[in-house]
Amino acid sequence: SSGVANFESATRTANPFWAMGLLALRKSLTNRAFLHVTLTNAKIFRAHTESKNREIPTLVQFPDGHELEKLVPGFMQRHKIGGTTHRIGYILWGLSASGYDPDTITDAAVYELSGLQLRNGSWVSDAHRPPTEYSPFSATAVSVLGLMHYGPAGLKPQLQRQIKRARTWLESTTPHEHQETAFRLLGLKWAGSSKDTIDQACQQLIAVQNEDGGWSQLPNLPSDAYATGLSLYALHVAGNIPVDAGSYEQGVDFLLRTQNHPGVWRVESRSYGFQPYFESGFPFGEDQWISSAAAGWATTALLFAAEKQ
């Protein structure tokens with residue numbers, strides 16, 4: 001693939017700035033979870049275990065500064081917080097990627113998640129912040145992962161039944177947008193679907209790859225680093241698509257061509273503002289939040305490819 005020699009420089013350029021930016025995002029739990037996923041999926045970062053471990057406690061803090069532990073009584077009494085399903089699901093994803101051991105905090109979070117599953121087997125979001133928080137596909141996928149990794153022993157039989165219901169819903173429900181297609185693929189993998197089902201989901205995602213090698217969040221939008229990085233992550237992790245496959249190489253070429261100075265990617269926000277604007281330390285102004293998430297997915301995709309060189 002063209003640009004293969006630039007993998008190392010591209011990822012080294014992106015990662016220090018991106019990590020610095022995410023460490024400043026104390027009010028973005030979603031992006032802190034993405035940070036953990038990237039840190040633990042690339043050998044370039046494995047030497048930085050000390051800094052990674054220092055970040056783990058901050059992941060269990062909610063935007064208002066209260067530690068997750070302080071919300072345990074509320075979880076046990078079903079006192080919901082805003083964006084519950086995605087927030088808790090992303091937190092547990094990040095903690096599991098970091099090797100965080102189950103404890104009473106994760107027990108309570110799983111208890112809360114398990115009670116939010118609908119009769120049809122899915123989880124839904126009470127937030128509308130596309131693309132990261134809005135879809136039942138991503139809500140269901142991250143909930144399944146949380147239940148799978150952190151389910152208390154005493155709840156295992158119940159949680160296995162819930163995961164089976166989620167798998168049935170994922171297998172029988174058609175996604176309509178890119179985020180849904182990518183997270184359906186991840187959810188099918190995490191829920192234990194058959195290889196044939198996962199292969200079909202892979203082909204659905206590859207089928208919407210654009211001619212420039214990237215993916216778009218919506219059909220009427222251009223390719224961007226968020227959709228492209230997430231697609232490559234899902235194809236590689238859930239679909240076992242090798243990094244030397246044509247679709248993966250084309251996606252990597254797109255990311256290398258579109259990386260901005262100082263080593264990150266700008267993605268335009270399509271969420272409506274719902275809180276006062278503030279700076280996080282990441283560039284691009286009002287586009288900084290989705291751009292930081294995009295940098296996480298894109299960097300991870302490049303690092304997967306770099307590890308094979």
Side-chain angles (χ1 to χ4, degrees), residues 28-34 37-38 83-94 118 121-146 166 169-191 193 198 200-210 213-239 241 247 251 254-255 265-272 274 287 289-301:
S28 178
L29 290 173
T30 300
N31 287 349
R32 286 209 299 277
F34 295 159
V37 172
T38 296
T84 302
T85 304
H86 274 108
R87 293 282 182 88
I88 298 176
Y90 281 133
I91 288 174
L92 294 180
W93 186 7
L118 301 184
S122 71
W123 279 263
V124 297
S125 175
D126 61 358
H128 189 74
R129 295 191 292 181
T132 57
E133 298 181 29
Y134 81 97
S135 169
F137 285 91
S138 54
T140 300
V142 296
S143 295
V144 165
L145 187 67
W169 181 84
L170 287 165
E171 291 176 348
S172 61
T173 307
T174 301
H176 297 290
E177 298 177 1
H178 165 268
Q179 176 88 354
E180 296 186 335
T181 304
F183 268 95
R184 178 175 181 264
L185 173 55
L186 288 168
L188 290 171
K189 175 68 173 182
W190 294 335
S193 290
I198 293 172
Q200 291 174 7
C202 279
Q203 293 307 311
Q204 287 181 323
L205 186 54
I206 292 173
V208 294
Q209 187 174 19
N210 296 325
W215 277 262
S216 305
Q217 294 181 44
L218 297 173
N220 62 325
L221 295 179
S223 300
D224 64 50
Y226 178 91
T228 302
L230 173 58
S231 295
L232 295 178
Y233 177 89
L235 289 172
H236 186 61
V237 171
I241 299 298
S247 56
F254 171 82
L255 294 176
W265 293 261
R266 182 166 194 161
V267 177
E268 291 187 11
S269 174
R270 60 186 181 95
S271 289
Y272 290 103
F274 66 97
D287 295 327
W289 306 99
I290 185 59
S291 295
S292 64
W297 290 126
T299 299
T300 304

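For the numbers below, each heavy atom of this structure counts, side chains included, while hydrogens, waters and symmetry mates do not.
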Next item on the list: Using modelled atom types only, decide if a donor and an acceptor are shared between the side chain of Ser193 and the backbone of Lys189 within a distance under 3.5 Å.
Entry: no

Next item on the list: Using a 4.5 Å cut-off on heavy atoms from C-beta on, say whether the side chain of Thr132 contacts that of Ser138.
Entry: no

Note to self: Once side-chain hydrogen bond (donor to acceptor under 3.5 Å, both in side chains) is applied, do any residues pair with Thr181, and if so which ones, sequence neighbours excluded?
What the structure shows: none

Next item on the list: List in chain and number order the residues that pass side chain to side chain contact (heavy atoms under 4.5 Å, CB included) with Ser216, two or more places apart in sequence or in another chain; answer none if no residue qualifies.
Entry: Asn210, Ser223

Item checked: Contacts of Thr173 that satisfy side-chain hydrogen bond (donor to acceptor under 3.5 Å, both in side chains) - sequence neighbours left out -> Trp169

Margin query: Once side-chain hydrogen bond (donor to acceptor under 3.5 Å, both in side chains) is applied, do any residues pair with Gln204, and if so which ones, sequence neighbours excluded?
Written below: Arg184

Next item on the list: Only counting residues at least two apart or in another chain, list the ones meeting ring-ring contact (aromatic ring centres under 6.0 Å, His included) with Phe254.
Entry: none

Notebook entry, point to check: Yes or no on side-chain hydrogen bond (donor to acceptor under 3.5 Å, both in side chains) for Gln179 and Tyr226, after CA distance, side-chain angles and deciding distance?
Noted result: CA-CA 10 Å; Gln179 176 88 354; Tyr226 178 91; 3.0 Å; yes

Next item on the list: Rounded to the nearest 0.5 Å, what's the gap from CZ on Phe183 to CG on Leu188? Could you check?
Entry: 13.0 Å

Note to self: Can you list everything that forms a ring-ring contact (aromatic ring centres under 6.0 Å, His included) with Trp123? Sequence neighbours excluded, please.
What the structure shows: none

Next item on the list: Give the minimum heavy-atom separation between Ser143 and Thr85, together with the two atoms involved.
Entry: OG-CG2, 3.3 Å

Next item on the list: Could I get the full list of side chain to side chain contact (heavy atoms under 4.5 Å, CB included) partners for Ala227, not counting sequence neighbours?
Entry: His178, Trp215, Gln217, Asp224

Item checked: side chain to side chain contact (heavy atoms under 4.5 Å, CB included) partners of Ala225, counting only residues at least two apart -> Leu255, Trp265, Val267, Ala294, Ala298

Checklist line | Worked verdict on Ser247 versus Gln209 for side-chain hydrogen bond (donor to acceptor under 3.5 Å, both in side chains) | finding: CA-CA 8 Å; Ser247 56; Gln209 187 174 19; 4.7 Å; no

Next item on the list: Measure across Pro130 and Ser271 and return the closest heavy-atom pair with its distance rounded to 0.1 Å.
Entry: O-OG, 2.6 Å

Margin query: Taking side-chain hydrogen bond (donor to acceptor under 3.5 Å, both in side chains) as the definition, give me every residue that meets it alongside Thr140, ordered by chain and number, with sequence neighbours left out.
Written below: none

Next item on the list: Could you tell me which non-hydrogen atom of Thr228 sits nearest to which non-hydrogen atom of Gly213, and how far apart they are?
Entry: CG2-O, 4.5 Å

Next item on the list: Mark yes or no for whether His86, through its side chain, and Glu133, through its backbone, hold a donor-acceptor pair below 3.5 Å.
Entry: no

Check: How far apart are the closest heavy atoms of Cys202 and Ile241, and which atoms are they?
Finding: SG-CG1, 4.4 Å

Next item on the list: Kindly write out the residues that satisfy side chain to side chain contact (heavy atoms under 4.5 Å, CB included) with Glu177, not counting sequence neighbours, or none if the list is empty.
Entry: Tyr134, Leu218, Arg270

